[in-house]
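Written out below as structure tokens is the structure these notes cover.
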Amino acid sequence: GNSVTQMEGPVTLSEEAFLTINCTYTATGYPSLFWYVQYPGEGLQLLLKATKADDKGSNKGFEATYRKETTSFHLEKGSVQVSDSAVYFCALGRYNFNKFYFGSGTKLNVKP
Amino acid sequence: ETGVTQTPRHLVMGMTNKKSLKCEQHLGHNAMYWYKQSAKKPLELMFVYNFKEQTENNSVPSRFSPECPNSSHLFLHLHTLQPEDSALYLCASTSSGASSYNEQFFGPGTRLTVL
């Protein structure tokens, strides 16, 4: 089947620290992988995506590489800011299907 | 308006009330979704519509009734809800079909409180 597992939070970091949020997946076929971010009181916003193995998605200093050999799509940022405090969701989308599978979300708190 | 809009943004209703949530997408997508997001629980898929046809009902209680009159509009009709139905209800849309690697676009959600 298809599923996404991401690390439980909350993750608390000081400003300018390095961030990693782990995400692994199981899938049949050739999925696309996504990271979404949700700020308080808002819906989910796409942060970055990768559609095939070895692709690297990047946006706003965040990066994630689609690793088929380890079935992973870990989110990284070199230097976090207070404004990055939010909940981050890893997700999998099946090519040519309407189905998306979300991880449980990881809350990130960044302290000044 | 651009993207995916949802109205109302906040709704408080009693258990005997009937209300409706509305979602509209201005992106030319053909698939629309309802999700429920409760505190401390994973995102729950409720319904999927593809070209106005319901393709998924994830064992949702009948007190939730979806309607998709066209590819741009999606409703969720609510009646005789329970307090445990209080949650953030999110609408999303995407372009589905062959050669589609597209992501979902989400609305801001409707915060529902059932008293």
Side-chain angles (χ1 to χ4, degrees), chain A residues 1-10 23 25 27 29-59 62 64 66 73 86-107, chain B residues 2-7 9-10 21 23 25 27 29-58 68 71 74 87-111:
Chain A
N2 300 283
S3 66
V4 175
T5 303
Q6 61 182 104
M7 61 189 290
E8 288 193 27
C23 172
Y25 68 91
Y30 305 96
S32 297
L33 300 174
F34 309 92
W35 277 101
Y36 284 85
V37 59
Q38 185 178 31
Y39 299 102
E42 298 183 13
L44 278 67
Q45 302 173 27
L46 180 70
L47 182 59
L48 52 84
K49 71 177 183 181
T51 58
K52 62 183 187 295
D54 300 324
D55 266 3
K56 176 185 281 189
S58 61
N59 186 25
F62 291 89
Y66 188 162
F73 192 55
V87 181
Y88 292 81
F89 293 88
C90 185
L92 176 160
R94 286 296 315 281
Y95 168 61
N96 203 30
F97 291 93
N98 297 341
K99 296 298 292 286
F100 292 82
Y101 302 85
F102 285 82
S104 56
T106 302
K107 185 172 184 179
Chain B
T2 58
V4 180
T5 58
Q6 290 187 243
T7 54
R9 292 293 308 274
H10 300 272
L21 309 185
C23 175
Q25 58 94 2
L27 300 167
H29 291 161
N30 55 277
M32 297 187 76
Y33 306 73
W34 280 117
Y35 288 90
K36 177 183 178 182
Q37 188 178 34
S38 305
K40 302 189 188 305
K41 291 177 73 173
L43 202 61
E44 298 174 54
L45 177 65
M46 300 176 73
F47 302 103
V48 181
Y49 278 82
N50 192 29
F51 291 102
K52 303 189 297 178
E53 299 299 319
Q54 188 180 118
T55 55
E56 182 120 2
N57 176 339
N58 203 21
C68 188
S71 292
L74 184 64
L88 181 68
Y89 288 84
L90 292 165
C91 175
S93 69
T94 192
S95 286
S96 67
S99 302
S100 171
Y101 293 96
N102 290 329
E103 65 273 20
Q104 285 182 311
F105 289 78
F106 283 81
T110 295
R111 174 66 63 185

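Residue numbers begin at 1 in each chain, while the letters A, B, ... track the order of the sequences.
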Q: Check whether Gln37(B) gets within reach of chain A through its side chain, its backbone, both or neither, counting any heavy atom under 4.5 Å.
A: side chain
Q. With a 4.5 angstrom heavy-atom cut-off, which part of Arg9(B) approaches chain A: side chain, backbone, both or neither?
A. side chain
**Q.** Considering all heavy atoms, the nearest Tyr36(A)-Glu103(B) contact
**A.**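 The pair with the smallest heavy-atom distance is OH-CB, 3.5 Å.
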Q) Do you know the tightest heavy-atom contact between Glu42(A) and Leu88(B)? A) O-CD2, 4.2 Å
Q: Verify the neighbour count for atom CD of Gln54(B): are there more than 12 heavy atoms of other residues, nucleotides or ligands below 6.0 Å?
A: yes
Q: Report yes if some heavy atom in the side chain of Phe100(A) is under 4.5 Å from a heavy atom in the side chain of Thr94(B); otherwise report no.
A: yes
Q. Going by heavy atoms in the side chains, are Leu44(A) and Gln104(B) under 4.5 Å from each other?
A.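 The answer is no; the side chains never approach within 4.5 Å.
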(Q) Please rank Gln38(A), Lys52(A), Gln45(A), Lys107(A) by heavy-atom pairs under 4.5 Å with chain B and give me the top one. (A)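 Option with the greatest count: Gln38(A).
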Q) chain A: which of Leu90(B), Asn50(B), Val4(B), Leu45(B) shares the most heavy-atom pairs with it under 4.5 Å? A)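 So the answer, after comparing Leu90(B), Asn50(B), Val4(B), Leu45(B), is Asn50(B).
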